[in-house]
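Computation of the quantities below employed the complete heavy-atom set of this structure, encompassing side-chain atoms and omitting hydrogens, waters and symmetry-equivalent molecules.
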Amino acid sequence: MVKKGNQFTVIFGNVMLLLGFWVTPAFAQSVAVTHCQGECPQYTSQLTANRSNVVIHHLYAAGINGETGVPDWSAYRLTGEAIGVASLLPRTWQPDRLVAFTPLEDIITTGEAEFRLSQSISNSNNPYAGTGATTVKPEDRARLAPMTSFANTPYWSDLNNFSNMVPMPSALRLGPWLRLEQRINSLAKEKGELYVITGPLYLIDNLSVAPSSQGLNPAAYYKIVLEGSDAATFVFPENLSQTDNVCDYLGDYQDVEKVSGIRFFPSNTGVRQSEALISDLGCAN
């Protein structure tokens, strides 16, 4: 028993009793997430990790950047049964209800920084409105987890969340990006199951300056396709034309990790770039 002033604290093992209230120590927990094949991507910078949050929906998990309010990564599990026709599904952007339960909510609703997903932004359907922000045209927005990949599920509306959206030039979105999504969908129907991690990449000249103050538009976009421990990585510069060849932009996920500051497979050291999976996606040498 420890006495401090008029308060008494009684300690039993790892549990404290203080004035009749039981207080238990807080410990970090390992959380297995289906979308991430168990363990989700992690930031290599503790500062970035502390400012960011992960939201987990029925169809995807996303790491939301605390400076921009835009996802740094999105991970999803794709099955053949989930793929469907999405042409008639509503595509109105909506605020992510899970953000209200994260510490980001206090930052996001202040409106003090650029590109925040504040309530006024949500109401205006412009996720990039704010002090000094650049308006992004509706046709220059993309879903990281695509609607067609989950159109045959009851949860497709989650894909309209701002936490699933990045700014992307329409030429890229309707060109190589879309064609790669179509190839992934076709392969998922054949294989039965694939995993994908995808997100934007930024060019930051000054590491002490937040991305939001250097301009939000990404310089490139990555998509990592996984079948077990086999990986196929694609990196598309933002200035591609609609006719550019998907296979000209093969990359290596380890290079993307260095640029993004994200470990995509924290505990799985067996992930390797797979020529077989690349070939299955239509990029045989």
Side-chain angles (χ1 to χ4, degrees), residues 41 43 48 52 60 62-65 67-76 91 93 113-117 121 126-130 132-149 159 161-184 196-207 209-225 231-262 264 281-283:
Y43 294 99
T48 303
S52 304
Y60 70 95
I64 310 301
N65 189 293
E67 293 291 339
T68 64
V70 173
D72 286 319
W73 59 265
S74 179
Y76 55 91
R91 295 171 180 263
W93 293 108
E114 296 175 338
F115 314 122
R116 305 290 189 181
L117 304 186
I121 293 171
N126 178 4
Y128 303 113
T134 301
T135 300
V136 178
K137 299 177 181 178
E139 63 269 22
D140 288 338
R141 305 171 186 174
R143 288 167 177 78
L144 290 176
M147 192 76 80
T148 54
S149 295
L159 303 180
N161 291 335
F162 286 146
S163 61
N164 188 44
M165 185 194 71
V166 291
M168 180 183 293
S170 58
L172 172 58
R173 179 177 62 83
L174 298 175
W177 190 260
L178 175 60
R179 289 196 295 276
L180 178 57
E181 289 177 344
Q182 291 170 338
R183 294 185 187 189
I184 295 172
V196 177
I197 302 176
T198 181
L201 293 172
Y202 301 90
L203 294 179
I204 300 177
D205 296 327
N206 185 350
L207 294 179
V209 179
S212 60
S213 62
Q214 301 187 67
L216 180 67
N217 292 333
Y221 305 82
Y222 64 89
K223 196 179 287 285
I224 305 167
V225 186
T233 304
F234 297 82
V235 179
F236 297 112
E238 56 85 24
N239 60 351
L240 294 188
S241 72
Q242 196 165 331
T243 59
D244 275 309
N245 187 349
V246 170
C247 301
D248 289 341
Y249 298 94
L250 284 165
D252 190 299
Y253 81 86
Q254 293 177 322
D255 293 332
V256 180
E257 285 185 326
K258 295 174 184 177
V259 175
S260 64
I262 299 171
F264 296 116
L281 288 167
C283 294

Pairwise side-chain contact, [X] with [Y], heavy-atom cut-off 4.5 Å (strictly under):
| X | Y | result |
| --- | --- | --- |
| N65 | D72 | yes |
| L178 | Q182 | yes |
| L201 | P218 | no |

Distance, nearest 0.5 Å, that separates [atom1] of [X] from [atom2] of [Y]:
| X | Y | atom1 | atom2 | answer |
| --- | --- | --- | --- | --- |
| Y221 | M168 | OH | CE | 5.0 Å |
| D244 | L172 | CG | CG | 9.0 Å |
| I197 | I224 | CD1 | CD1 | 5.5 Å |
| F236 | T198 | CZ | OG1 | 9.5 Å |

#### Entry: Short side-chain to backbone donor-acceptor contact, N164 and R143, under 3.5 Å
no

### Query
Are the side chain of N245 and the backbone N or O of C247 linked by a donor-acceptor pair below 3.5 Å?
yes

Taking all non-hydrogen atoms of both residues, which atom of [X] and which atom of [Y] are closest, and how far apart?
| X | Y | value |
| --- | --- | --- |
| R141 | M165 | CD-SD, 3.6 Å |
| E238 | P169 | O-CG, 3.3 Å |
| T243 | R179 | C-NH2, 3.7 Å |
| M147 | L159 | CA-CD1, 3.6 Å |

### Message
If the test is side chain to side chain contact (heavy atoms under 4.5 Å, CB included), which one of P176, P237, C283 qualifies with Y249?
### Response
P237

### Task
Just say parallel, tilted or perpendicular for the rings of F264 and Y253, cut-offs at 30° and 60°.
perpendicular

